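Ligands are counted one by one from 1 in listed order, and the atoms in each one are counted from 1 as well. Computed from a predicted model, the values in this text were never measured in an experiment.
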Amino acid sequence: MVRYPRPRVVVSECLGFRPTRYDGNIIYDETVETMKKFTDFIPVCPEVRIGLGIPRNPLVLTRNMNEIYLLDTKTGENFSHRMKEFAHSFISYLNDIDGFLMKSKSPSCGVGDAKIYGKDRAVIGRSDGVFTKLMREFFPLLPIESEKRLLKYEMRRNFFTKIFSIADLRETLLGAGSKELVAFHRRNKYILMLHSPHLLKKLGRLIAERDLRETWELKREYSRTFLEALSRNPGRGSYANVFVHLYSHIKEDLVEKERKYILALIEGYRTQKVLLKTLIAYFRGFIYRLGNEYLAEQRFIDPYPEELDQMHVNE
Ligand code: SF4
């Protein structure tokens, strides 16, 4: 049975931790509630942490020239500078984190969907909330998602895969030697192929030439390149490519009908007729039935606890 590490994830505090919303509310989100069993959350409400009360006046983003400001809707007070100061102090005590899960649409926490208002209160664009934007600048290679974006299965799968893989890497690097890193690389081969075949090759070379480097140097270079690989989001073509590789490992053990069926499923996925979840379930079944140990140890098929795959999703 796979033992999954617990990812450390910064989360918007109003998502089920404390009623910190401007109107004094709290939001219960199924994804966050289910994740609590498997995740070490670090809740933060940036607006409360810069000294605003609960309840408080709503804030908005406005653009003036090329600058985006965080303003109080009623008084017009500008909180951009205070938010920047808080973000700097917040990251100074953050360490060993694996990702961010933020509240959608918020001018502080939103992920790409916070409204920006221009003159006459017209919406002139959307962006990250001010706090999220700063976190992205400080941690450009870490996954950042909102609870709303995670309603889509592929987004959710990518996010969970990333935070659990990064947590696994973090634990592997703790005091381990190059032997553990070799095993880590082996079990993450198809996750890496999914996100970046090019960086999979680069990491493979690093592992093959591991004796030419000091262990600390190997770990540092491996870690940086692994995060860079996972920072890319795979499309359907990338998934289909990995499934074709998995298929090549089991095809000799399948009967003709099964071969045709599985190739049709991969093609169906590529052309948006088959769901990713369905394809994964079929492959999992074949791998278990055939007892293929190499594929069974690959994290690509089961990158995170199964319970996290059983929530409601928009396909
Ligand atoms: S969205 Fe962010 S700033 Fe707003 S209440 Fe939630 S945690 Fe606080």
Side-chain angles (χ1 to χ4, degrees), residues 7-36 39-63 67-95 97-117 121 123 125-140 142-152 155-156 159-160 163 311:
R8 288 172 50 77
V9 175
V10 174
V11 64
S12 293
E13 197 161 10
C14 61
L15 288 175
F17 294 87
R18 204 158 67 98
T20 54
R21 301 264 297 160
Y22 73 94
D23 54 6
N25 277 328
I26 186 167
I27 295 164
Y28 285 102
D29 178 78
E30 187 194 357
T31 306
V32 175
E33 293 306 310
T34 313
M35 283 176 74
K36 282 179 178 171
T39 309
D40 290 332
F41 277 122
I42 303 152
V44 60
C45 174
E47 292 180 12
V48 169
R49 296 286 289 274
I50 61 171
L52 300 180
I54 310 169
R56 57 187 173 277
N57 295 336
L59 305 184
V60 282
L61 297 179
T62 60
R63 181 182 284 143
E67 282 292 311
I68 292 178
Y69 299 100
L70 181 66
L71 303 183
D72 184 310
T73 41
K74 296 213 169 122
T75 65
E77 188 174 351
N78 182 352
F79 292 107
S80 312
H81 185 66
R82 264 157 78 178
M83 192 58 89
K84 211 175 253 182
E85 281 186 341
F86 165 65
H88 276 92
S89 71
F90 181 67
I91 61 149
S92 68
Y93 85 83
L94 266 191
N95 53 35
I97 52 163
D98 306 312
F100 293 80
L101 180 48
M102 310 304 286
K103 171 70 186 70
S104 59
K105 297 185 177 172
S106 150
S108 301
C109 295
V111 180
D113 59 359
K115 288 178 184 164
I116 305 171
Y117 292 88
R121 302 196 165 204
V123 177
R126 286 169 203 268
S127 78
D128 283 341
V130 175
F131 179 75
T132 300
K133 184 166 180 285
L134 291 162
M135 292 302 111
R136 211 186 277 288
E137 284 167 17
F138 293 131
F139 302 99
L142 287 185
I144 301 182
E145 281 299 354
S146 70
E147 91 295 353
K148 186 161 169 255
R149 284 166 56 89
L150 293 191
L151 287 173
K152 281 198 175 290
M155 293 269 194
R156 175 182 294 183
F159 182 68
F160 288 164
I163 60 172
M311 291 175 274

Donor-acceptor check, side chain of [X] to backbone of [Y], threshold 3.5 angstrom: yes or no?
{"X": "S12", "Y": "L15", "answer": "no"}
{"X": "T132", "Y": "G110", "answer": "yes"}
{"X": "D128", "Y": "G112", "answer": "yes"}

Numbering the atoms of ligand 1 from 1, which are under 4.0 Å from a heavy atom of R21? 5 (S)
Can you name the atoms of ligand 1, numbered from 1 with element, that are less than 4.0 Å from a heavy atom of R56? 5 (S)
I42 side, atom CD1; R8 side, atom CZ - distance, nearest 0.5 Å: 4.0 Å
Evaluate E47 against M83 for side chain to side chain contact (heavy atoms under 4.5 Å, CB included), listing each step before the verdict. CA-CA 8 Å; E47 292 180 12; M83 192 58 89; 4.3 Å; yes
If only side-chain N and O atoms count, and only distance matters, is there a donor-acceptor pair under 3.5 Å linking E13 with T20? no
Atom 2 (Fe) of ligand 1: protein N, O or S atoms that are less than 2.8 Å away, sorted by chain: C109 SG
Under a 4.0 Å N-O cut-off, is there an ion pair linking K36 with E33? yes
